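Below, chains carry the letters A, B, ... as their sequence lines are ordered, and counting in each starts from 1. Since this is a predicted model, take the numbers as computed values, not measurements. Values below: every heavy atom of this structure, side chains too, minus hydrogens, waters and symmetry copies.
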Amino acid sequence: MNKMVKLTSNLKDTLTNPKKRKVVGSKLLNIIVTIIKYSFMIGISFIIVYPLILQIAVAFRLPTDVNNPKVMWIPEQFSLQNFKIAITALNYWKALGTTFFNSLGVAILQVLSTALAGYAFARLKFKGSKLLFFFSLFTIIVPQTMVSLPMYINFARTGLLGKKYVLFLMAALGMGIKSGIFVYLFRQGFKGLPKELEEAAYMDGCNVFQVFAKVMFPCVKSTIITVLLLAFVWQWNDYYYTNLFYIGGNPDIVTLTTQLQTISTGSSLQSALMQANIWQLMGQDVTSNPLFVSMILNTAGILVMLPVLIMYFFVQKLFVEGIERSGIVG
Amino acid sequence: MAKKNLTKDAKNKLQEQLNHKLTKLEKRLNEKEEALAIISKQTAKFRHLQKQKIKILYQIRDVLTTLEQLANDSYVKENFFKRFSQKFNLNKPSNLIEEEKQILVEKYEKRLNQWEVKLAMVEKKYVEFGQKTKTQKHPNLKKLNRLERQELKIKTKMQALKIDLIRLEDGTYVKLNFLMRTIKKLNSMSFRKQEALGGYLFVLPWLIGFALFFAIPLLTTIYWSFNDVQSVAGGLTIKWLGFKNYFDLFKTQMLGTKTFLEVLTSSVLEMIINVPIIFIFSLLVAVVLNTKFKGHQFFKMIFFIPVIYNTTVISLALNGSFGSTMDTTMTGFSQMSVGIQNFLLDLGIGDRLIEFLIAAVDRIFTIVTKSGIQILIFIAALQSIPKHLYEAAKIEGATTYDCFCKITVPMTSRMFLPVLIYTIVDNFASSELIRIMTVDSTGSKIPYGMSSAIAIIYFIVNFLIIGILYLFLRKAVNNNE
């Protein structure tokens with residue numbers, strides 16, 4: 001009885017005393033906000049992760065289990081058979097090698113060329129710099145599809161088409177995939193650095209090139225990491241450029257995305273598997289099922305993204321920190 | 001320096017080699033001298049031969065010194081890097097051969113004479129002009145100044161030449177190779193000139209790329225849009241059409257089952273719906289992710305997956321002829337939206353509203369996957385807001401909502417325009433029309449000229465939207481700064 005009286009009096013006190021009321025109210029609000037926040041974050045994360053998990057769950061099924069209604073999430077029997085089939089269909093190891101080599105080379109070249117341009121736009125005063133910077137922004141706005149066709153024909157004329165260094169050439173000249181954004185990022189990164197840094201270097205007798213190479217470039221490490229990663233991943237994921245300029249109609253060159261695209265169209269997957277003597281082994285009841293083909297395609301999709309995903313889980317902390325410290329300030 | 005004593009055999013071998021080299025060099029020297037004797041002076045070939053001769057003389061001297069060292073037992077073998085670094089030593093006086101010394105002295109004296117003549121001319125001009133200005137009411141002081149500066153320049157150059165000549169006589173002259181000379185020149189440049197030169201050189205690779213891989217193709221596309229372009233074996237045939245391509249697009253041309261106008265309006269509508277949603281969504285997510293709560297690292301990791309995960313290629317692959325059956329079960333959102341539809345019908349909400357909600361739910365996936373970069377930019381912008389602003393606001397009694405409206409939004413407003421532009425461009429690149437265009441231009445269903453016209457119309461629409469946004473936002477951003 002006594003307790004009840006105490007409680008009610010306490011409650012009365014909190015409700016009548018404006019200060020206490022405010023404190024309790026803010027506490028309640030905080031709790032509600034955290035609940036909303038978490039449910040929001042978890043919900044969105046679910047949307048992002050759900051297809052990924054589904055893809056992975058499907059990939060581990062046995063080919064004979066495609067239509068098994070019992071199997072929803074966890075397969076009855078784990079098997080790597082899908083992966084084996086997809087690897088042969090994709091010509092995986094060869095394609096992985098070329099893709100990795102291309103992506104790394106392009107990423108490094110993009111960093112170098114765009115950092116130079118970004119530094120010039122950020123810090124060096126020369127006639128026409130504003131106009132040129134406007135042009136570099138213009139390259140972001142104009143979609144690549146608008147210029148790719150004449151470029152294709154020009155490349156074909158000059159014999160650059162299908163050469164191994166085409167992508168490198170474009171990256172080195174600052175016109176790779178979304179290079180305009182990288183120029184912008186580097187410009188902002190260099191603008192965020194204090195002027196005193198440069199001045200001190202000039203006072204000590206450095207020339208422009210030394211100031212850039214020895215002082216300013218190492219100072220934008222976070223931007224470098226961001227650009228390196230984004231350039232790498234975008235090159236990895238790119239289908240359009242690679243197919244148009246790098247492959248150039250040459251069937252001997254394979255990269256992951258183009259290979260995925262070729263096996264997804266028409267009956268090319270079937271013929272690829274026929275060549276490897278897998279199609280005949282699987283039996284009529286499996287191969288006649290259209291779901292079998294899409295399961296293989298799905299596994300191939302995972303295989304294409306797997307190296308990047310693994311890399312991402314290793315470097316994600318670096319990546320996130322790099323973005324946070326890149327100081328993109330207007 | 002530690003002396004490395006060679007064995008006798010090696011020594012003999014080296015001596016033999018050097019002697020052999022010496023005879024060879026002498027032979028070549030003779031050849032050069034004969035050639036020099038025939039050719040008259042003052043020609044380019046003469047100078048070239050002289051240079052070669054001097055090079056040979058140096059080589060002979062090197063060989064002779066090593067031979068001497070071998071005889072004295074004072075020979076030390078130096079590695080590559082040491083020799084290389086000695087070449088680039090700025091302070092070590094170079095031991096010149098008499099012949100080269102003579103040539104250099106001749107050259108410098110000749111130059112000195114030339115400069116003297118020029119100096120006399122400038123001085124004469126200066127005196128003449130000075131006398132003229134005395135009588136004038138408004139003398140042209142700028143020209144006078146310029147002449148003065150010219151005089152000073154010539155004098156400094158002459159001084160440098162004189163110093164060089166003295167040094168040549170002393171034997172303290174330092175010969176520089178091309179690279180060192182350019183570096184020295186660069187260091188002695190005025191700061192502004194250096195900056196400008198550096199700027200042009202830094203931009204040069206990008207500029208070449210811009211010209212070759214952007215400007216020229218873009219102009220070609222614009223030109224093609226007014227032409228009938230057909231690909232023939234071995235090239236293209238181009239026929240002038242004027243605006244016919246554009247008229248045809250709006251009147252007769254069909255893209256698949258729809259007219260061009262329908263496709264255009266639908267993709268613009270799509271863009272108008274998607275862009276604000278992506279923008280608000282990414283700002284919200286960035287604000288939430290930026291606060292430190294339990295597991296924010298984990299959520300950050302998940303939210304950046306769409307940035308790296310290639311949804312377009314994979315969904316394209318799965319949308320192919322085979323994959324379509326799997327696709328619905330793959331994404332699973334059609335099931336989800338059906339469930340929601342039934343639930344809402346049970347609640348008794350009108351059909352129109354349900355349709356809108358279903359469309360929104362279906363859109364969530366695309367929005368989430370498309371907003372990775374935007375979240376990233378916003379987080380970077382949020383990180384750059386100083387923390388003390390929030391603390392001061394809290395002390396003054398501002399609520400979280402106030403903080404968001406009056407600190408967060410204004411401080412990130414400078415990133416609004418880049419984010420919006422990126423979003424619009426990104427949407428544009430993945431829109432239906434572009435897909436039609438690219439597929440058909442490589443498969444050449446639509447003629448090149450027509451597809452160029454499509455691209456240009458689409459770009460103009462895009463550019464207009466961005467321009468309107470810019471006009472609106474520029475004001476807002478300016479007010480806040």
(request) Sort A/Leu112 into side chain, backbone, both or neither according to what part of it lies under 4.5 angstrom from a heavy atom of chain B. (result) neither
(message) For the CZ atom of B/Phe210 and the OG atom of A/Ser136, what is their distance to the nearest 0.5 Å?
(response) 8.5 Å
(message) side chain to side chain contact (heavy atoms under 4.5 Å, CB included) for A/Asn154 and B/Phe213? Distances and angles first, verdict last.
(response) CA-CA 9 Å; A/Asn154 282 343; B/Phe213 302 140; over 6 Å; no
(message) Tell me the closest heavy-atom pair linking B/Pro217 and A/Pro150, and the distance in Å.
(response) O-CG, 3.4 Å
(message) Using heavy-atom distances under 4.5 Å, tell me whether A/Thr139 contacts chain B through its side chain, its backbone, both, or neither.
(response) both
(message) If I measure from the heavy atoms of chain A, does B/Thr399 come under 4.5 Å with its side chain, its backbone, both, or neither?
(response) neither
(message) Taking side chain as everything from C-beta outward and backbone as N, CA, C, O, which of these in A/Val233 sits under 4.5 Å from a heavy atom of chain B? Side chain, backbone, both or neither.
(response) side chain
(request) Answer with side chain, backbone, both or neither: which region of B/Ile466 has an atom nearer than 4.5 Å to a non-hydrogen atom of chain A? (result) side chain
(request) Under 4.5 Å heavy-atom distance to chain B, tell me which part of A/Val49 shows up: side chain, backbone, both or neither. (result) side chain
(message) Using only atom types and a distance under 3.5 Å, with no angle test, would you say the side chain of A/Tyr312 pairs donor to acceptor with the backbone of B/Met301?
(response) yes
(request) Test B/Val203 against A/Phe121 for side chain to side chain contact (heavy atoms under 4.5 Å, CB included), laying out the working first. (result) CA-CA 8 Å; B/Val203 173; A/Phe121 291 139; 4.2 Å; yes
(request) Hey, can you tell me if B/Phe191 and A/Tyr202 have their rings parallel, tilted or perpendicular (30° and 60° cut-offs)? (result) perpendicular
(request) Go through the atoms of B/Leu218 and report whether side chain, backbone, both or neither lie under 4.5 Å from a heavy atom of chain A. (result) both
(message) Using 0.5 Å steps for rounding, measure from the NZ atom of A/Lys37 to the CG atom of B/Leu289.
(response) 10.0 Å
(request) Report yes if the side chains of B/Val285 and A/Phe40 come closer than 4.5 Å at any heavy-atom pair, otherwise no. (result) yes
(request) For the pair A/Leu149 and B/Thr221, evaluate side chain to side chain contact (heavy atoms under 4.5 Å, CB included) and give the outcome as yes or no after the intermediate values. (result) CA-CA 8 Å; A/Leu149 196 59; B/Thr221 304; over 6 Å; no
(message) Within the supplied structure, the quantity of interest is the number of heavy atoms (other residues, nucleotides, ligands) at a distance under 6.0 Å from B/Phe404 CZ; does it exceed 12?
(response) yes
(message) Please give me the minimum heavy-atom distance between B/Phe202 and A/Ala120, naming the atom from each residue.
(response) CB-CB, 3.8 Å
(message) Is any side-chain heavy atom of B/Asp426 closer than 4.5 Å to one of A/Lys178?
(response) yes
(request) Measure B/Leu201 against the heavy atoms of chain A and call it side chain, backbone, both or neither at under 4.5 Å. (result) side chain
(request) Taking all non-hydrogen atoms of both residues into account, name the closest pair between B/Glu195 and A/Arg123 and its distance. (result) OE2-O, 3.3 Å
(message) Counting heavy-atom pairs under 4.5 Å with chain A, which one of B/Phe463, B/Phe298, B/Phe303 comes out on top?
(response) B/Phe303
(request) For the pair B/Gln194 (side chain) and A/Val208 (backbone), establish whether a donor and an acceptor sit closer than 3.5 Å, ignoring hydrogens and angles. (result) yes
(message) Please classify the contact of A/Ala172 with chain B as side chain, backbone, both or neither, using a heavy-atom distance under 4.5 Å.
(response) backbone
(request) Starting at CZ of B/Phe214, measure out to CE of A/Met170 and round the result to the nearest 0.5 Å. (result) 12.0 Å
(request) Just give me the residue among A/Leu137, A/Val211, A/Asn207 that pairs up with chain B most often, heavy atom to heavy atom, under 4.5 Å. (result) A/Asn207
(request) Let me know if B/Leu382 has heavy atoms under 4.5 Å from chain A in its side chain, its backbone, both or neither. (result) neither
(message) Taking the side chain as everything from C-beta on, heavy atoms only, tell me whether B/Leu197 gets closer than 4.5 Å to A/Phe126.
(response) no
(request) With a 4.5 angstrom heavy-atom cut-off, could you sort out which part of A/Ile140 is near chain B: side chain, backbone, both or neither? (result) backbone
(request) Supply the atom-to-atom distance B/Tyr200 OH to A/Leu124 CG, rounded to the nearest 0.5 angstrom. (result) 11.0 Å
(request) Identify the heavy atoms of A/Ser45 and B/Phe299 that sit nearest to each other, and give their distance. (result) OG-CD2, 3.3 Å
(message) If I take atom CD1 from residue B/Ile373 and atom CG from residue A/Leu230, how far apart are they, to the nearest 0.5 angstrom?
(response) 5.0 Å
(message) Nearest 0.5 Å, please: how far is CZ in B/Phe281 from CD1 in A/Ile44?
(response) 4.0 Å
(message) Less than 4.5 Å to any heavy atom of chain B: does that hold for the side chain of A/Phe155, its backbone, both, or neither?
(response) side chain
(request) Name the member of B/Thr412, B/Val425, B/Ile302, B/Thr400 that forms the most heavy-atom pairs with chain A at distances under 4.5 Å. (result) B/Ile302
(message) Counting C-beta onward and ignoring hydrogens, is there a side-chain heavy-atom pair between B/Tyr422 and A/Tyr184 closer than 4.5 Å?
(response) no
